[in-house]
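Okay, structure first, notes after.
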Amino acid sequence: MRKQIILWIILTITIALTGCWDSIEIDQRGYVMSLGIDKYEIPPPGEVVEEEDGPEEDGDMEEEAAVPTAARIPEDSPRNRFSFTYVIPNVEFLVGESENPNIVYNTVGQNLYSASRILTTRLNKQVFFGHMKVLVIGEDVARDAHMFREILDAIERDAFISRRISVAIAPGLAREVLEVEPLVNPMTGQFMADLFRNKDRSPRSGGGIMGDVLQDLHRWGNAVIPRAIAGEEDIKVAGSAVIKDYRLVGWLGEVETRALEIIRGTARPGGLTVIHESQDDEHIVPVDLVYLSSKFHLDEDSDTIRIKAEFSTDGQVEQFFFDPQHNLLEPQLIRELEALVCKKLEKEMLTTIQKLQKEFQVDVLGIDHYLSKYHPGLWAEVEEDWQEIFPNIEIEVDVSTRIRRVGLTK
Amino acid sequence: MYSNNDRVSYYQIINILVLTLIGVGILTLPRDLVEIASTDGWVILLGGGILAMGIAALHGYIVKSFPGKGYFEILCLTLTKPIAYLLTVFFIIYLIGTNGFLVRIFAEVVKVMLLPHTPIEMIIFAMLLTVIYLVREGLEPLGRLTNIIFPTSVIIVLILFGLTLGEVDTSNIRPILQTPPLQMLKALDIVIFSFLGFEMLLVFGAYIDKPQKATRIGPLAVGAVLIFYLLLNFSVLLNFGPAQTENLIWPTISVFKTIDLPGAFIENVEVAVMAIWVFTVFTTLDSFFLGITILLKDVCSTKEHNYFVLPVLPFIYFISMYSISIGDVYQDFGIFSDYTAYIILSIPLLILLVMAIKKVFKKDGKESI
């Protein structure tokens, strides 16, 4: 009997006294879907007013949080180095009770952690990065190696931020990208995440997965990161930023990015348009391509470093011409088209390689990976000075294309 | 199947040893290997693992030679009583220290990954109290628990391993065999240390159902863990490459964070890994704790081991709270292992030596008669 009583008392106590230090109710969390990071610039006195009258009702109180001066002009104190933009989906919008799909908060701070903590002084939820999907870094931050490395470490060190998040660099301000409310899906964070995950995504931007970018940067400090451009009512992810020594050195255009992705062997399937000229006619022929493989070979006989890059692609003709003179079942015509595709790809690749070698002088092609993995002996000799050697190595490009299918008509 | 007679079957002891071996070392092993030998870590792992299998077989041989005898008795029979006392107490200190560091590392990982606001004392205390509950009951319940945990975790972990290999760069394993052999040989001890735990075979030897099969137990357990470690090492290396692996404190957890299940209702699959890992740490702690109490029982020559459970707890707790930061924990643990593990591993060799000498003398004696 006494034992039973004791048992009941203990059971009651355990139920009554459950204490979980880490319990947070789901509606108490502010799920940051995307995060934008910009370098903080002191606004010139004239512009301050304008900025405060910005379109957001929710955000734009950054000065208050950081430095509550009467004039609301933040000093150029070391505290204000970054400007962070948090995009939190508005749960009330989902159930139809609110018009604003996103809650955009903007805050100024010395680092991500303290800025997020300060944010809680004007947000009734706990900022939670566990479901973050997209990180957008402003150009100014990326151009500053020191700041860029700080941000990268903050992201990598955090136990709750997944390594699968997508990362992009915005020319200009990251905040401008995140403030767009795309027409298709006004929830900016989700929209951008979907953009990155779209299976049909064109190879005109890199993969942009945080884990891969971090891996590249850990190795030699070089990487390519997709570029995110803000439009009026949409966001475009295309082209890429070239990072050298943890610093943005320049941009690659969309076509160059595609060439680079093919060279790196990470290109998704995509199209290419060639112009086919016959005796009396000219046809525009778009070809859908699957980029199959990319292989490097080191020419061991040569005294200088000569790399031969071989690529193979598979394709399908998407459009030719209504009632053409020569139909697409003639293998000869297919061969001609294949040659055109090869020529165009080779040209694009050589231009890109040229740009990377001469203009940026940075090896993001993956030749460093290739040499260190397959020719460790040679790599040991050149590793120290690779930055100087790379611009002068010879790279040959060889593309072979096979067009397999032509669609439903001859 | 078996009544509670403090006997564990052949399979149970293998399960116990496998789960004892897999503890907190698994979290850092891929990084250690990359630091020593870059992409050639698996070669050292394979070499060290096979060596550890050999050492484990020797442990089994000792158990087989003294069926039904505990570690302390074996020491008494071979190395005389005073030395037996000394070595057993040393073994107990080794186990208390190791347990302390283990529970601390466990708590640090849990605090970072799962419970950021819970005080670390609470995490440690909750874990130790649960461990105590099982330790008081002896070896057989542990055997039964491992019977449940082992197959389930193997299935889940294998599935998750498959998922980590979804999008890997297989060329990350290159270059192959570029590390100088001497450097690899020097690193063997680190690998053998990562298999530490098989020495518990000597302590548990007295409770094995069929001691005549004991020689096989050690190599089988270590071999199973070796396969698991190799898989893990490949998975981490292929996913991260050497440069990234070197930068991660616990690459093993991070590698499961890379899993991306499209359309899955669970976003962070690594939670499942964390859950299984908590089980394996639990069994490791339990088995070491049980070792402490069994040895104390032998040294004090009492009948039951369960009085010793609570008095040992404060020591373990003290050691777990001794180091200041996570960096200190790993440094102190390293120093502690360096001072103790070599001796612990050389005790069986000493026993074997004495056994061999005795055999020779016996033969001589018989011949002279």
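Naming: A, B, ... by sequence-line order, numbering from 1 per chain.
The 12-atom threshold is exceeded at CZ of B:F228, counting heavy atoms of other residues, nucleotides or ligands nearer than 6.0 Å. Counting non-hydrogen atoms of other residues, nucleotides and ligands closer than 6.0 Å to CZ of B:F279 gives a total of 12 or fewer. More than 12 heavy-atom neighbours from other residues, nucleotides or ligands sit within 6.0 angstrom of CZ on A:F128. For OH of B:Y307, the number of neighbouring non-hydrogen atoms (other residues, nucleotides, ligands) closer than 6.0 Å is greater than 12.
Scanning for salt bridge (charged side-chain N to carboxylate O under 4.0 Å, His left out) contacts around A:K244 gives an empty result, with sequence neighbours left out.
Heavy atoms closer than 4.5 Å to chain B are found nowhere in A:L371, neither backbone nor side chain. Neither the backbone nor the side chain of B:I249 comes within contact range of chain A; no heavy atom of the residue lies under 4.5 Å from a heavy atom of that chain.
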Discussion item. Quick one, B:N239 with A:R163, criterion side chain to side chain contact (heavy atoms under 4.5 Å, CB included). Give me CA distance, side-chain angles, the key distance, then yes/no.
Written reply: CA-CA 11 Å; B:N239 261 297; A:R163 297 183 73 87; over 6 Å; no
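Contacts between residues 209-220 of chain A and chain B, counted as heavy-atom pairs separated by less than 4.5 Å, involve A:G211, A:L214, A:Q215, A:H218, A:R219.
Between B:P175 and A:P376 the shortest heavy-atom distance is CB-CG, 3.6 Å.
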